[in-house]
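Step one of this worksheet: look at the structure below.
Note on naming: letters A, B, ... go to the chains in the order of the sequence lines (proteins, then strands), and numbering restarts at 1 for each one. Treat the numbers as computed from the prediction; the structure is a model and nothing was measured.
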Amino acid sequence: MRIRAHPIIDFKKRKELPFYFQKKKIVGEEGDTIASALHAAGVRTLTTSLKYKSPRGFFCGIGKCSSCLMRVNGVPNVRTCIAPLKEGIQVEMQEKLAELPNAEFFGEPKKTIDVDVLIVGAGPAGLCAAIECAKQGVSVLIVDENQRVGGQLIKQTHKFFGSKQERAGTRGIDIAKELEDDLRKLESEKKITVMTDATVIGCYESDKKYRFGAVERCDYKSILYDVRCNAVILACGAMENMLLFPGNDLPGVYGAGAVQTLMNVYGVMPGKRVLMVGAGNVGLIVSYQLLQAGSVVNRIVEAAPSIGGYNVHAAKLRRCGVLIQTSHSIKEVCGEKKVEGAVLIRLDVNWKPIKDSEEYIKCDTICLAVGLTPSTRLLSQIGVHLDYIPEAGGYVAPHDESMQTSVKGVYVAGDASGIEEASTAMIEGKIAGLAAAIQLGGSRNKKLLVQYREELVQLRAGPFGEKPRIAKEKIAKLAEVHHASV
Amino acid sequence: MKSKADVVIIGGGVNGCSLAYRLAKKGLDVVVVEKKYLSSGATGACGAGIRQQWSTRENASLAIQSVKIFEQLSKELGQDIEFRQGGYLIAVHDEKEMKQVEKNVAMQRSLGLKVAILKPEEITDVVPILDVKGMRAIGATFCPTDGHANPFKTTFAYADAARRLGAEINTHTTVTDVKTTQKAIRAVVTDQKTIQTSVVVNAAGIYSKSIAEMVKIKLPLCPFRKEIMATERLQPLFEAMVISFRDGIYFSQQKEGQIVGGIPISEEKVGYKTMPTFAFLQYMAQTLTRYAPILKHINLLRHWTGFYDVTPDARPILGEVKEVKGFLQCNGFSGHGFMISPMVSKLLTDLIADGKTSEELENLSLERFKSKKIEKELSVVG
């Protein structure tokens, strides 16, 4: 189902793109991914699990899980949640292990790209890093897995808190637009190369410069790039956490980010009656956005004894009549082929389920907003030292004030350096970008670097910055031990 | 952690753990010390193949007897190690190689192994996806009882069984010194505790060299980085492991559908280098699609590096060294430690528990490198 009336976003009808699903004609819209078009057409099951043959549907929406792998134009295992929809394509379900491809391929040899700085991820941190770097006259290649740049900003319809410099009071979607405009301007001046729908696959042995492999997808096929750079900024963001309960893989159970992507990026309604699991900021904000899109939010359950998110968000939901239950969690999902309801359960002070406290509720959608884990796999492969810091969301790379990790020339920024917010991610991106430019001799503006650091400290000084502040203090301490000499 | 043991095994790979299991079964008090986690070294990085087609009699014999043990190992250990016999198809590229192959096959058959020499047109009967012309093969050998097993599950199954029999396995524990008195083993010092013992087994893979240096023994071991890749999962296409000694390539399809294989890159030199190379990606893709063109355009999902601990004759170093009483070697496997681990642990158990030595152990002792004439294993791949 498409959302047509929305208080913030203009979802007018876009150009129709007919395509085929299991040989049947379906009509999507320009700007859709394959999975969003299928979802809008009511297709919930995208694949079946190999072991138990259970149906699987749209879950992460950002190409991280494997529950949307389908065969597209004869190419197996295409991640349809990030693959752009094209007119006339043939989309098929893979009932078992994939058959070999029967498509025509480019057979193009690898291409080599030589730049000063490679930036992985074009979310708030990556974009700010790229813009900062390029402004200092350092050549930049920025790579992102999605069709559009902006990362999670392109789905954030709410107004930001924080400092004026970091655009407090502005909606995430508008910030994304501003940053993209800046990026495209620098791109047209040939100061930045932007590669979307592409993945950095690994770091390889190299004598002088860093050497990375990147794969750019084009018409569901890929081109290999051999990327040489002097520094790299990893702004790869985070992955959504999963919760263990029977039925957690049924179509209709989504990560909160996926729900946001569907409704705020593609204008597709995830479901009609929603159970939200988690009352942190993400759970609260996405619940409100669901109401704005026209869904009913049945209930918000939170395992902790108190609400984790900002009170303003919770109060807004309560005014709309949404019940938020703390010390409650989901026990199991009901339904055979799709979500039909859920059993909730009350928890005691030790988060243990209380006997006979089960309650059944009817819903067609379950949204999991149970935290994020930094994406650190590329960091780990490069050989960067990682430490487990629960307040930062898991394993993170200790980094210094310049966002440099234990490996010289390897920088982190944003959620990949510890879970925080888009506003801090943007400043971290600027710091990493400027520091890399200084390191490579492109700039001497250390004063600006100091100013950015002060802004970051101020942003974290608020009452809601406590957890990330603890995390970053721990990271700073560890960085002293593992820090690369700048 | 215990402070006394009959035997201390250094290294929690498949050989260390299988030896711990067999010794514990004999009633010995065994302690394993592993620097990282079980199977974190060559075991966990290996290609998981189990082959009996070797050029030296020792290796062939060890492998044949090992397969007999592998065949019933899941049952013996009470855990599925995913042993599967899909055979090994070894490509032969020219007449000279064919002559060596005929010699090898005659020796292998004399040991009771069933091996066939295939004509070019028979190759695709075994592995239908191969392009014989592209492989530039004039024939092949095929042994249907070769196969593979899951190296992680095998190691964990051995470790669990060893623990049930009373062995103590300490992971994330680093050996810092090995103490001797009057040329006999006295104790193993770790970063946690010191363990009094009279027998130490050095099963530390590429790190065996530095362990041996602690008692002033020099091992002729060289670390060689090896790279392996795994593709996306595909429908079942073939069962055999395909290898070529000339091209150095090997690949097979695992139970879960991914194709796993490796190839050495030409510029590779000795050293403790852990980063993967871009050259491997290209060379592997070129060679793999020359062998099996229909694998063109499938995606590579993972790529990792591991180490071969290579000896001058590509055969392992086993048994007690002459210079230090109670100091036993179980290293230098040169890339095939997993496949012969069942027999290696059996022979070393016979020696440690029953004082029984064997012809194999004699031939594979460190002493052999002192003589000028060593028989080199020729059938090495990867």
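Open room surrounds OH on B:Y207; 12 or fewer heavy atoms of other groups in view lie less than 6.0 Å from it.
Interface remark: B:Q282 contributes side-chain atoms only to the contact with chain A (heavy atom separation under 4.5 Å). Looking at B:L237, the atoms closer than 4.5 Å to chain A (heavy atoms on both sides) all sit in the side chain, from C-beta outward. Contacts between A:Q381 and chain B at a heavy-atom distance below 4.5 Å involve backbone atoms as well as side-chain atoms.
Classification of A:R228 and A:D114 as a salt-bridged pair fails, no side-chain N sitting under 4.0 Å from a carboxylate O. Under the 4.0 Å criterion applied to side-chain N and carboxylate O atoms, B:R290 and B:D247 are assigned as salt-bridge partners.
Side-chain contact of B:E227 with B:T277: a donor-acceptor pair under 3.5 Å is present, judged by distance alone.
Between chain A and the residues B:L281, B:T305, B:N299, B:T274, the largest count of heavy-atom pairs under 4.5 Å involves B:L281. Counting heavy-atom pairs closer than 4.5 Å to chain A, the top-ranked of the candidates B:K296, B:R233, B:E256 is B:R233.
Taking all atoms of both residues into account, the shortest heavy-atom contact from A:K23 to A:Y20 is O-CD2, 3.9 Å. Nearest heavy-atom pair, B:F152 versus B:S39, reported as atom, atom and distance to 0.1 Å: CD2-OG, 3.3 Å.
A:R217 is listed as a side-chain neighbour of A:E145, based on a closest heavy-atom distance under 4.5 Å.
Residues of residues 68-79 of chain A having a heavy atom under 4.5 Å from any heavy atom of chain B, listed by number: A:P76, A:N77.
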message: I'd like to know whether B:H303 forms a ring pair (Phe, Tyr, Trp, His ring centres under 6.0 Å) with B:F280, so could you lay out the CA-CA distance, the side-chain angles of the two residues, the decisive distance to 0.1 Å, and finally the verdict.
response: CA-CA 9 Å; B:H303 167 195; B:F280 170 84; 4.7 Å; yes
